[in-house]
Amino acid sequence: MSCKEKQEKVQEEKVDMIKDSEPLFKISLAQWSLHREIETGKIDPFDFPKVAKELGFDAVEWVDQLFEKEIDSMGFQTVIEKWKEESEKHNVKNVLIMVDRAGDLSHSNLEVRNEAVEQHKKYVDAAAYLGCHAIRVNTFGTFDPDEWVKTTYDGLKKLSQYAATKNISVLPENHGWYSSDPRLLIPVLDSINMTNCGTLADFGNWCIRRTQDENWGDCAEEYPDKYEGFERLMTKALAVSAKAYEFDENGNETTLDFNRFLRLVADAGYKDYVSVEYENETLDERKGILATKQLLINFANNYKN
C-alpha cells in the first residue's frame, strides 16, 4: 500500500468514527414535566432553564399554560423576553413552545377558528424570536369526524402559511379525540402538503373518544394500536415527546414498551430532539425526569440498526 493510499484509508476511518459518534437523537426537557412544582409554587416557572441545566439538559420546550398568571399580569411579550433572558443566562437552547392558550384551530365556527389562527401567530413570532423551530398546537374542534377533517385542514393550513414566512413549523400533537387518531390526522397533513406542518408524536395520549363530549375527562375508547398509530405519526414527525408514567425497581417503564417506541423513532430516521415528559405523581418530578432521560440514553447507547 502506497503512502497516499494509507493516508486515504486513515481519513476514511476518521470519517467512519465521526459517523459512529453522532448521537442517535438529541434530548430536551418538556416543561410540563415540572408542572406540579410550578403549580404548587415550589419553583418559579421562569426558573425552568436553570432547573433543566441542573438536571443535565441543554435544550428546553416551554408550556404557555404554566405562565397564565404571568402573561395576564406582565403581558405576553414581557414573558417571552424573560424566557429568552433566562435561556441565554443558563446556556440552553429553546426548541419549541407548547401552545394551549390561543384558541382552537379546529373550531367548527369559522370566525372563532380564524381568531385562533390570529392568536397563534404571536406564538409563531415568539418562537422565531427565541430561536425555536416550532410551536405545538392543539386541534380539538368538533366531535364529528368529517367536520373535524375540514376545519382542521383550514386552521392548520392558514397558520402554517404564516409560519412558513418565519421559518417556524406548526405541529399538532396527538392530544386527545381525533388529534389522537392518525387515520384522520395524517391525511389532513398530507392534504396540506407543507414541509413546516408535521406532527409532534407523543408516546401517550391515545384516547380518541371521551365518555362526554368534552376535551378532557374519562376515556371511552382508545386508538386500537398505539404503536401502529405512533409509527404513522412518525411519517410526519418534526418533534417527539417521550412520555413516561411508571417505573419498576430496575428503572424500566411499566405502562408501555418504551424501547419499542424509541425503535420506531430510530427506524423513521428521526435524529432531532426527543423531549423528556414525565407525567405522574408516584415519583418526585425530578426523579421521574432523570429516570425517563436514562431510558433514552440507554436505548441510544444500545441501539443497533
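Fair warning: this is a prediction, and the values are worked out from it, not measured in the lab.
- Across all non-hydrogen atoms, the minimal contact from Gly141 to Trp148 is CA-CD1, 4.3 Å.
- When only modelled atom types and interatomic distance are considered, Glu246 and Thr254 share no side-chain donor-acceptor pair under 3.5 Å.
- A donor and an acceptor atom, one from each side chain of Asp125 and Tyr162, are located under 3.5 Å apart.
- In this structure, the side chains of Asn174 and Leu185 stay at 4.5 Å or more apart for every pair of heavy atoms.
- You'll find the side chain of Pro45 stays beyond 4.5 Å of the side chain of Lys69, heavy atoms only.
- Applying the 6.0 Å contact sphere to CG of Asn167 captures no more than 12 heavy atoms from other residues, nucleotides or ligands.
- In this structure, Tyr227 and Phe261 have tilted ring planes: the angle between them lies in the 30° to 60° band.
- Under the 30°/60° scheme for interplanar angles, the aromatic rings of His35 and Trp32 are found to lie parallel.
- Around atom NZ of Lys26, more than 12 heavy atoms belonging to other residues, nucleotides or ligands sit under 6.0 Å away.
- Every pair tested for disulfide (SG to SG under 2.5 Å) that includes a residue from residues 60-144 fails, sequence neighbours excluded, so the list is empty.
- Cluster annotation: Phe143 and Val112 are assigned to distinct hydrophobic clusters (Ile/Leu/Val/Met/Phe/Trp/Tyr, side-chain heavy-atom contacts under 4.5 Å, transitive).
- Aromatic pair Phe258/Phe203: centroids less than 6.0 angstrom apart.
- For the residue pair Glu81 and Tyr129, no side-chain donor N or O sits within less than 3.5 Å of a side-chain acceptor on the partner.
- Shown here is Lys121, whose NZ atom has more than 12 heavy atoms of other residues, nucleotides or ligands within 6.0 Å.
- Proximity of Leu262 to Leu295: side-chain heavy atoms (C-beta onward) are nowhere separated by under 4.5 Å.
- Residue pairs satisfying the disulfide (SG to SG under 2.5 Å) criterion with at least one member in residues 52-126, sequence neighbours excluded, are absent.
- Residue pairs satisfying the disulfide (SG to SG under 2.5 Å) criterion with at least one member in residues 205-290, sequence neighbours excluded, are listed as follows: Cys207-Cys219.
- For Asp248, the CG atom is densely surrounded, since the number of other residues' heavy atoms within 6.0 Å is greater than 12.
- The shortest side-chain heavy-atom distance between Glu253 and Asn259 does not fall under the 4.5 Å cut-off.
- Between the side chains of Asn91 and Asp58, no donor N or O sits under 3.5 Å from an acceptor N or O.
- Ring pair Trp62/Phe67 is tilted by interplanar angle, where 30° to 60° counts as tilted.
- Atom NZ of Lys122 has more than 12 heavy atoms from other residues, nucleotides or ligands within 6.0 Å.
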